[in-house]
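Below: the structure, in structure tokens.
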Amino acid sequence: MCLAALLVLTAGIPASARELGGREIMVLVDERPDGEDRRSVLTMTLINKRGSQRVRQVESFSKDYGRDRKSVMVFREPADVRGTAYLSWEYDELDREDDKWLYMPALKKVRRISGSSRNEYFMGTDFTYDDMGRRNVDKDVHELLGEEQAMGHDCWKVEAVPVDPRDLYTRRVLWVSKSAHMVVQAEYYDKDGLVKIYRALDLRPHEGFWTLFHSEMDNVSREHKTVMTMESVRYDTGLDDDLFQVSTIQRGRIR
Amino acid sequence: MSLSGGLPGMRRAAAVVTCIAFLLAANWGAAGEEQPWTERLELSGFLETLQSMRLREPHDAVTSRARLRLDLGADLGPVYGFVSADAEKNWKLSSETGVEAREAWLEHDGDGWDVRAGRQIVIWGKADGVQITDIVSPPDYTESVTRDLDEIRMPVDAVKFRLLGKWVDTELIWIPVFKAAVLPTGDNPWAVARVVPENVRVSSAAPREPATTLENSEIALKLSAYLPGWDAAASIFHTWDDHPAMHRDVLDDEDGMHVALEPRHHRLTVFGLECSRPWSDFVFRGEAAYFRGRYFEPASLFENPARKNALKWLAGADWTPGNDWMVTAQLVGEHMFAHEGRLLQQANSYLATLHVSKKLLRQTLTLSNMLYYDLDHGDFFDRIKAEYAVTDALTLSVGADVFGGDRAGSYGGYRDNTQVWVKVKYSF
């Protein structure tokens, strides 16, 4: 914990003391300290242009295995999908497909799902699976555009252009906090122009790590917004490896 | 082997529920003082109603029911308990009206193992909407295939023990109480009337079911591996056929021919294999079951069923091209070894399924179509459905169940039951 706190306090010093390229900055983001495991409750509120709201809530667990990561998300709301569990083994290796399984309580069975659905929207929100997880740095070509203030942070402004032309977006402009090494603002563009804007609204150290408590994704092209809040955030609680096995989500409950 | 009626179903259910309620109460004190009891209980469920209208004359309701389901989970520290019950009012099938305990079980998970005991639904297999190795929980065909598959399976009274490894899980299931499949009978619109020649009388005795004895238990063993890029499983299930073989005596007297049917369940051993493999936007799935000693019905009313071995298999693919589209295609085949021409079923039979779905309006509207097509008879069942989440809790569905093709086929026989329906479901 002390080492983690030290990393938080000193994270910005070496990086800002020298000139960095776009890729190096994104490697800093990718490698920022966030514990060996983590758990939280995510609440996503979907707000349409008339102001009506729908709520999705998931309980999230993840654990690092070297540069790979295993995670489980258990859906709490809405009621008709409560208990649905999504297990993924995400590999850092660029060409290796992730392993994913879905447990559906109505069917009481686990189903293997395709590993290449990262561009799908998560539960009807404005976040894609890619937005919610870690994106391999080498999936994009990064260019440092300059330095700016954003969301109260001194930031590097980086442009990310996907290597794969079939990607959902043609480019993203990212504002990376120099102190937190996290993206605090992002703009997503497709061939028709600006699609959506991401903002980190409440970002602060918690248990020794920079933690995002409140963010939003404003889909300007569809006049729709998703507000995400994170609660019960805990790091390094020693999550059991068994939690990330198919046999565990097969029980239909995580406890 | 002894064959006689087991304990009546209601008494068995009551015994299981009482036993589990007692164990829940006994464990309550051991659950730990630090967590309030309200956080250890989780109540959920749904209230739904489904009404349909036949598209042919007389345009009456084929399905008309309302159902309340309550699921209660209780975290009792070392033990987790779960009870699920249905209360149904069925305006079409009076036998379905009533209250029923669906599941009632206790589970303990240890270090590298777990055990679940009580009334539970066990689901196997990689197939979608089709059962190949998935025969542990017997089916309830009261409303034929128009119920969702998860509503067709019935729970069994069982103990399920699992040994959980890093790559391979071993599952052992003991089912001491036999439960038969339920088929539609009487004036149920899904009952299939047997065509009987003139001057032939047919009578049927009550089905002879295996008694609840240790030697009549059903035992299943399954090994499942979940590996990077591969899932595979192998199983063996020493069971009783959920469907009785219709043995018969044919008497020819001065009143004409008399066929006396004697439905009898037989022992059956099923060897299963399953696998699935993701690749790009696809997941390929395969499943096979080898049935050793299954009885097949004869084409003639006057002959007896024959005991044969058979192989049922499935090959399928899921395609998720993105943009909330999903396509699943499957081919199912069945081969009977040492086939005899006198049997009703052909040596080889094939079925194809195609499921297409698309989510719209931020995944609040799902349009889907599930087609079952019998390649031998050319008959089909097609379920077209639109499901809209009016709010996070309230879902409105409209759909049509279309039966067509040769009336001799298992789907074409229901051509007169083609229906449109509406369902309202409130989940909590």
### Task
Just give me the residue among B/Gly45, B/Ser44, B/Gly229, B/Gly125 that pairs up with chain A most often, heavy atom to heavy atom, under 4.5 Å.
B/Gly229
### Pair A/Asp241 + B/Lys166, salt bridge at N-O below 4.0 Å
no
### Query
Quick check: are there more than 12 heavy atoms from other residues, nucleotides or ligands sitting under 6.0 Å from CZ of A/Arg134?
yes
### Query
Which atoms of B/Asp134 come close to chain A, meaning under 4.5 Å heavy atom to heavy atom: side chain ones, backbone ones, both, or neither?
neither
### Message
Any heavy-atom pair between the side chains of A/Gln250 and B/Tyr226 that's under 4.5 Å?
### Response
yes
### Message
Tell me whether B/Trp319 at atom CH2 has more than 12 heavy atoms from other residues, nucleotides or ligands lying less than 6.0 Å away.
### Response
no
#### Entry: Residue part contacting chain A, namely of B/Glu171, when any heavy atom lies under 4.5 Å
neither
### Message
Quick check on the interface: out of B/Gly112, B/Pro321, B/Ala389, who has the most heavy-atom pairs with chain A under 4.5 Å?
### Response
B/Ala389
### Message
Between B/Gln363 and A/Arg56, is there a side-chain heavy-atom distance shorter than 4.5 Å?
### Response
no
### Message
For B/Tyr426, is the OH atom crowded, meaning more than 12 foreign heavy atoms sit under 6.0 Å from it?
### Response
no
### Task
Using non-hydrogen atoms and a 4.5 Å limit, figure out which bit of A/Val110 sits close to chain B: side chain, backbone, both or neither.
neither
### Query
Is any residue of residues 69-84 of chain A within less than 4.5 Å of chain B by heavy atoms, and which ones?
A/Pro78, A/Ala79, A/Asp80, A/Arg82
### Task
Select, from A/Met123, A/Met104, A/His224, the one with the greatest count of heavy-atom pairs under 4.5 Å involving chain B.
A/His224
### Message
With heavy-atom distances below 4.5 Å as the criterion, would you say the side chains of A/Arg251 and B/Arg162 are in contact?
### Response
yes
### Task
Working to the nearest 0.5 Å, report the span between CH2 of A/Trp89 and CG of B/Leu227.
7.5 Å
### Task
Decide yes or no for B/Asp169 and A/Gln245: does some side-chain heavy atom of the first lie under 4.5 Å from some side-chain heavy atom of the second?
no
### Heavy-atom proximity to chain A below 4.5 Å, by part of B/Lys359
neither
### Query
Between CG of A/Asn48 and CZ of B/Arg362, what distance do you get to the nearest 0.5 Å?
9.0 Å
### Message
Pair B/Val122, A/Lys108 - check side-chain contact (heavy atoms from CB on, under 4.5 Å), show working.
### Response
CA-CA 8 Å; B/Val122 179; A/Lys108 294 184 189 300; over 6 Å; no
## Note on the structure
Taken to the nearest 0.5 Å, the spacing of A/Arg54 CZ from B/Thr364 OG1 works out to 5.0 Å
### Task
Please look at B/Ser224 and chain A and tell me whether the side chain, the backbone, both or neither of the residue comes under 4.5 angstrom of a heavy atom of that chain.
neither
### Message
When you compare the side chain of A/Glu97 with that of B/Ser280, does any pair of heavy atoms fall below 4.5 Å?
### Response
yes
### Query
To the nearest 0.5 Å, how far apart are CG in A/Asp242 and CG in B/Asp111?
7.0 Å
### Task
Flag the pair A/Ile113 / B/Thr320 as yes when at least one side-chain heavy-atom distance between them is below 4.5 Å, and no otherwise.
no
### Task
Taking the side chain as every heavy atom from C-beta outward, state whether A/Arg253 and B/Asp75 have any pair of such atoms under 4.5 Å apart.
no
### Query
Can you name the nearest heavy-atom pair linking B/Arg153 to A/Leu107, along with the distance?
NH1-O, 4.5 Å
### Task
Check whether A/Thr125 gets within reach of chain B through its side chain, its backbone, both or neither, counting any heavy atom under 4.5 Å.
backbone
### Query
Side chain, backbone, both or neither: which part of B/Arg285 has a non-hydrogen atom closer than 4.5 Å to chain A?
side chain
### Query
Got B/Phe282 and A/Ser114 here, is their nearest side-chain heavy-atom distance under 4.5 Å?
no
### Task
Pick out which of A/Lys109, A/Arg112, A/Lys100 makes a salt bridge (Lys or Arg N to Asp or Glu O under 4.0 Å) with B/Asp231.
A/Arg112
#### Entry: Pick from B/Leu361, B/Thr395, B/Leu164 with the largest number of heavy-atom pairs that fall under 4.5 Å of chain A
B/Leu164
#### Entry: chain A contact via B/Asp324 - which portion, at a heavy-atom distance below 4.5 Å
both
